[in-house]
Enquirer: 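Take a look at the following structure, please.
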Amino acid sequence: MFGTFPIRINLTKSMKTRRLILSLGLALAGFAGLQAQTHKCATHDIWETKALRDPSMIERKQQSDLAIQNWISSHPQADETAAVITIPVVVHVVYKNQTENISDAQIYSQIDVLNQDFRLLNPDSLDNTHPFWSVTADAEIEFCLASIDPNGNATTGITRTSTTHNTFQNLNIDDIKFTSAGGKDNWDPTQYLNLWVCDLGNQLYGYATFPSDLAVDPNYDGVVINYNSFGTVGAVVAPGDQGRTGSHEIGHWLDLSHIWGDQICGDDLVADTEPAEDANYGCFTFPFNANNNCGSGVNGEMYMNYMDYTDDACMAMFTAGQKARMRAALNGDRSALLSSAGCSGATGVRDLAGNPTISLYPNPSNGMVTVETRNFTPRQATISVTNALGVEVMRYDAVHAFPYSMDLSKLPSDLYFVRLAAGNQLLTQKVVVTH
């Protein structure tokens, strides 16, 4: 749903402030008991509680929303010319016991889900005959565990911190973000997406910060997810066992709102999401709540959208309008990420310098891929293909001539990394296989 944007912004400050202060007062009164109920996401509630203490957050959010809409309006062809954006991720595991100290495999499974969901490679995506398929979008955003830390050292992109906290919740929930408070300090949030994993207690799945607060409160920036709602293996518990809390919260981190606009028949500032009456829980049969009180059409509410509260197994899509907002945020408040070297390592330095480089085409591909190089002429090289979990799925040894053709047609549709190694040289490039 998308309301007339200037009307939303041009309400007088006094009108907006009185209205929001009233809702913030209710939020502050109720936040201490927020997690006593089944509440999947606390992003909006935490933001409102903080805005009561710091009303300047309200104006910053309004300005950020206006800048995003202006960017979208001034880039009408952005979807056609978009390049894939890769965001470096660091996962901070903060644990009291070994169950909370989740495995590397569980972390890898979450990164895999993100790369599927944000690239429209998820196996459960809508069928192309579904009425909402026409607005379903590949956000062209990918995620990689950081290979270089803020000091320039090699890293796995994972930190582990033991804590004395039984849970991080209620008014002490942000302790997770500070080493001095029993959590873990974030890495430079202009260069990395910080994901904290911990015990949030009482059925809260996660929460995130909005881009509008990055410049003023950088130490708080990032996403926090309950250890049993992170990824698809290990300690996960249904219905939050498919990694969709990560997709949902990173949507907030890239300035998406809940599809019901956090109020009855609210506005999420996206034109192609159906008007929703409120949050939806569980799973539904399509169509759900057709011709609702908010003005949805015969196809009803978009309960399968990642920005609703439905079960993980029933989430399946972002829309083109949501893609536009996320990419606008990455060209606005979060634009420093576009030049981050967090996932580059030595390969990235060489690629940025233009010498040597590797290119793959066609990309995306139905399986037949050509590897082309520039300023790279080894007598013998190895090409390895790994999936998003880092597992090698194909290998070519003793390659000595380029262009070189690879047959990836037997691999499932997914995102893969092609690594070309010879001596001390290593080049990496991504390829999407789709059938």
Side-chain angles (χ1 to χ4, degrees), residues 1-13 15-31 34 37-52 55 57-66 68-69 72 132 135 205-213 248-249 251-281 284 288-297 299-310 315 317-322 324-326 328-329:
M1 178 182 180
F2 180 74
T4 304
F5 196 89
I7 293 177
R8 181 177 183 270
I9 292 298
N10 290 338
L11 287 173
T12 65
K13 183 179 295 186
M15 290 172 62
K16 289 287 292 182
T17 301
R18 285 198 300 271
R19 182 182 303 172
L20 191 50
I21 288 297
L22 175 59
S23 65
L24 295 181
L26 295 174
L28 185 59
F31 182 64
L34 171 67
Q37 55 184 301
T38 301
H39 199 99
K40 293 189 69 171
C41 169
T43 297
H44 182 74
D45 302 87
I46 290 174
W47 182 86
E48 283 197 336
T49 300
K50 290 183 176 181
L52 180 61
M57 291 177 62
I58 304 168
E59 184 173 357
R60 289 200 302 272
K61 187 69 168 69
Q62 292 172 349
Q63 291 173 344
S64 179
D65 285 342
L66 181 59
I68 282 177
Q69 186 56 33
I72 293 172
F132 290 151
V135 297
Y205 287 19
Y207 70 99
T209 54
F210 290 115
S212 55
D213 296 320
H248 178 104
E249 298 302 342
H252 286 313
W253 185 77
L254 293 173
D255 215 40
L256 296 186
S257 297
H258 294 132
I259 62 168
W260 66 97
D262 291 291
Q263 57 184 328
I264 302 300
C265 297
D267 186 356
D268 67 350
L269 300 180
V270 176
D272 55 8
T273 55
E274 287 289 323
E277 292 182 356
D278 204 345
N280 294 311
Y281 292 85
F284 304 95
F288 169 71
N289 211 9
N291 302 307
N292 69 13
N293 294 326
C294 310
S296 70
N299 295 319
E301 297 187 14
M302 198 175 282
Y303 62 85
M304 69 291 295
N305 193 283
Y306 294 125
M307 301 313 295
D308 203 347
Y309 274 2
T310 42
M315 292 182 169
M317 64 176 293
F318 287 118
T319 70
Q322 289 173 321
R325 281 193 68 83
M326 290 190 287

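Residue numbers count from 1 along this sequence. As the structure is a computational prediction, the values presented were derived from the model and not from experiment.
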Enquirer: Would you indicate whether the side-chain heavy atoms of Gln62 and Leu66 approach each other to under 4.5 Å?
Expert: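 SC-SC contact between Leu66 and Gln62 ruled out.
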Enquirer: Let's go through Asn280 and Glu301 carefully: what are the C-alpha distance in whole Å and the side-chain angles of both, what is the deciding distance for side chain to side chain donor-acceptor pair (under 3.5 Å) to 0.1 Å, and is it a yes or a no?
Expert: CA-CA 9 Å; Asn280 294 311; Glu301 297 187 14; 3.0 Å; yes
Enquirer: With heavy-atom distances below 4.5 Å as the criterion, would you say the side chains of Trp47 and Asp213 are in contact?
Expert: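 Yes, side chains in contact.
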Enquirer: At what distance, to the nearest 0.5 angstrom, does CG of Asp278 lie from CH2 of Trp260?
Expert: 7.0 Å
Enquirer: Give the minimum heavy-atom separation between Met307 and Ser257, together with the two atoms involved.
Expert: CB-O, 3.6 Å
Enquirer: Report the distance from atom CG of Leu256 to atom OH of Tyr306, rounding to the nearest 0.5 Å.
Expert: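 These two atoms lie 12.5 Å from each other.
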Enquirer: Testing the basics here: between Pro211 and Trp253, what is the closest heavy-atom pair and its distance to 0.1 Å?
Expert: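 So the two residues come closest at CG-O, 3.2 Å.
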Enquirer: When you measure from the side chain of Ser296 to the backbone N and O of Asn291, does any donor-acceptor pair fall under 3.5 Å?
Expert: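 Side chain of Ser296 to backbone of Asn291: a pair is present.
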Enquirer: Can you spot which of His248, Glu249, Glu48 makes a side-chain hydrogen bond (donor to acceptor under 3.5 Å, both in side chains) with Thr43?
Expert: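 Testing each of His248, Glu249, Glu48 against Thr43, the sole residue satisfying side-chain hydrogen bond (donor to acceptor under 3.5 Å, both in side chains) is Glu249.
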Enquirer: So, do Thr209 and Ile46 sit near enough that their side-chain heavy atoms are less than 4.5 Å apart?
Expert: no
Enquirer: Out of the candidates Asn305, Asp268, Thr273, only one should pair with Gln322 under the side-chain hydrogen bond (donor to acceptor under 3.5 Å, both in side chains) rule; please name it.
Expert: Asn305
Enquirer: Just so I know, are the side chains of Arg325 and Asp65 near enough to count as touching, which here means a heavy-atom distance under 4.5 Å?
Expert: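 SC-SC contact between Arg325 and Asp65 confirmed.
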Enquirer: Say whether, by atom type as modelled, one donor and one acceptor occur between the side chain of Glu274 and the main chain of Gly297 under 3.5 angstrom.
Expert: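 Indeed, once roles are kept as given, a pair shorter than 3.5 Å links the two residues.
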Enquirer: Could you check if a side-chain atom of Val135 sits within less than 4.5 angstrom of a side-chain atom of Met302, using non-hydrogen atoms only?
Expert: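 In short, these two side chains touch, coming nearer than 4.5 Å.
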Enquirer: Can you classify the ring geometry of Tyr309 versus His258 as parallel (below 30°), tilted (30 to 60°) or perpendicular (above 60°)?
Expert: perpendicular
Enquirer: Quick one: CG on Asp267 to CD1 on Ile259, what's the gap to the nearest 0.5 Å?
Expert: 12.5 Å
Enquirer: If you define the side chain from C-beta out and look only at heavy atoms, does anything of Phe284 sit under 4.5 Å from Asn289?
Expert: no
Enquirer: Heavy atoms only: give me the nearest Ala329-Leu254 pair and the separation to one decimal.
Expert: CB-O, 3.6 Å
Enquirer: Which heavy atom in Ile72 sits nearest to a heavy atom in Ala328, and how many Å separate them?
Expert: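 Of all heavy-atom pairs spanning Ile72 and Ala328, the closest is CG1-CB, 4.1 Å.
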Enquirer: How long is the gap from CE on Met57 to OG on Ser212, to the nearest 0.5 Å?
Expert: 6.5 Å
Enquirer: Side-chain contact, heavy-atom cut-off 4.5 Å: Phe210 with Arg60?
Expert: no
Enquirer: Using atom types as modelled and distance alone, determine if a side-chain donor or acceptor of Lys40 lies under 3.5 Å from a backbone N or O of Thr310.
Expert: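 Side chain of Lys40 to backbone of Thr310, a donor-acceptor pair under 3.5 Å: yes, one is there.
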